[in-house]
Chemist: 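Okay, here's the structure, questions in a sec.
This one's a predicted model, so the numbers in the text were calculated from it and none came from an experiment.
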Amino acid sequence: MTYVDTSDISAQMFITVLLFLLIIAPLISLGVLRFFQAKKKSGFILIGSGVAVYVLFQIITSFTQA
């Protein structure tokens with residue numbers, strides 16, 4: 001049995017991946033699903049929400065790095 005060394009992963013990278021997997025990806029995938037269901041308004045809102053969360057996270061991390 002082998003173990004993966006995760007000591008090189010920074011906290012910022014871990015939080016970025018976690019945020020992507022838990023919030024951004026589901027919002028975008030639900031938006032695409034709504035497009036297939038012919039609910040364009042709901043699809044645009046969900047995809048826009050996913051992009052907004054990503055932009056907000058980028059703004060927050062840029063302030064914490066300074």
Chemist: For Leu22, check side-chain contact (heavy atoms from CB on, under 4.5 Å) against everything at least two apart and list the hits.
Modeler: Leu18

Chemist: If you take all heavy atoms of Arg34 and Ser42, which pair is closest and at what distance?
Modeler: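 Scanning both residues, the minimum pair turns out to be NE-OG, 3.4 Å.
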
Chemist: Of all residues at least two apart in sequence or in a different chain, which pass the side-chain contact (heavy atoms from CB on, under 4.5 Å) check with Ile28?
Modeler: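 With sequence neighbours excluded, Ile28 shows a side-chain contact (heavy atoms from CB on, under 4.5 Å) to Ile24, given in chain and number order.
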
Chemist: Can you run down the ring-ring contact (aromatic ring centres under 6.0 Å, His included) pairs that involve residues 35-60, sequence neighbours left out, and say none if there aren't any?
Modeler: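 Of all non-adjacent pairs touching residues 35-60, those that pass ring-ring contact (aromatic ring centres under 6.0 Å, His included) are Phe35-Phe44.
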
Chemist: Between Leu56 and Ile45, is there a shared hydrophobic cluster once you connect ILVMFWY residues whose side-chain heavy atoms come closer than 4.5 Å?
Modeler: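 Result: no, two separate clusters.
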
Chemist: Membership question, hydrophobic clusters at under 4.5 Å side-chain separation (ILVMFWY): are Phe14 and Ile23 in the same one?
Modeler: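 Linked within one cluster.
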
Chemist: So, taking the atom named CG in Leu30 and the one named CD in Gln37, what distance separates them when rounded to the nearest 0.5 Å?
Modeler: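 Leu30 atom CG to Gln37 atom CD measures 9.0 Å (nearest 0.5 Å).
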
Chemist: Excluding sequence neighbours, so at least two apart, what forms side-chain contact (heavy atoms from CB on, under 4.5 Å) with Ser29?
Modeler: none

Chemist: Restricting to ring pair (Phe, Tyr, Trp, His ring centres under 6.0 Å), what partner residues turn up for Phe20, sequence neighbours left out?
Modeler: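 With neighbours one apart ignored, the set is empty.
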
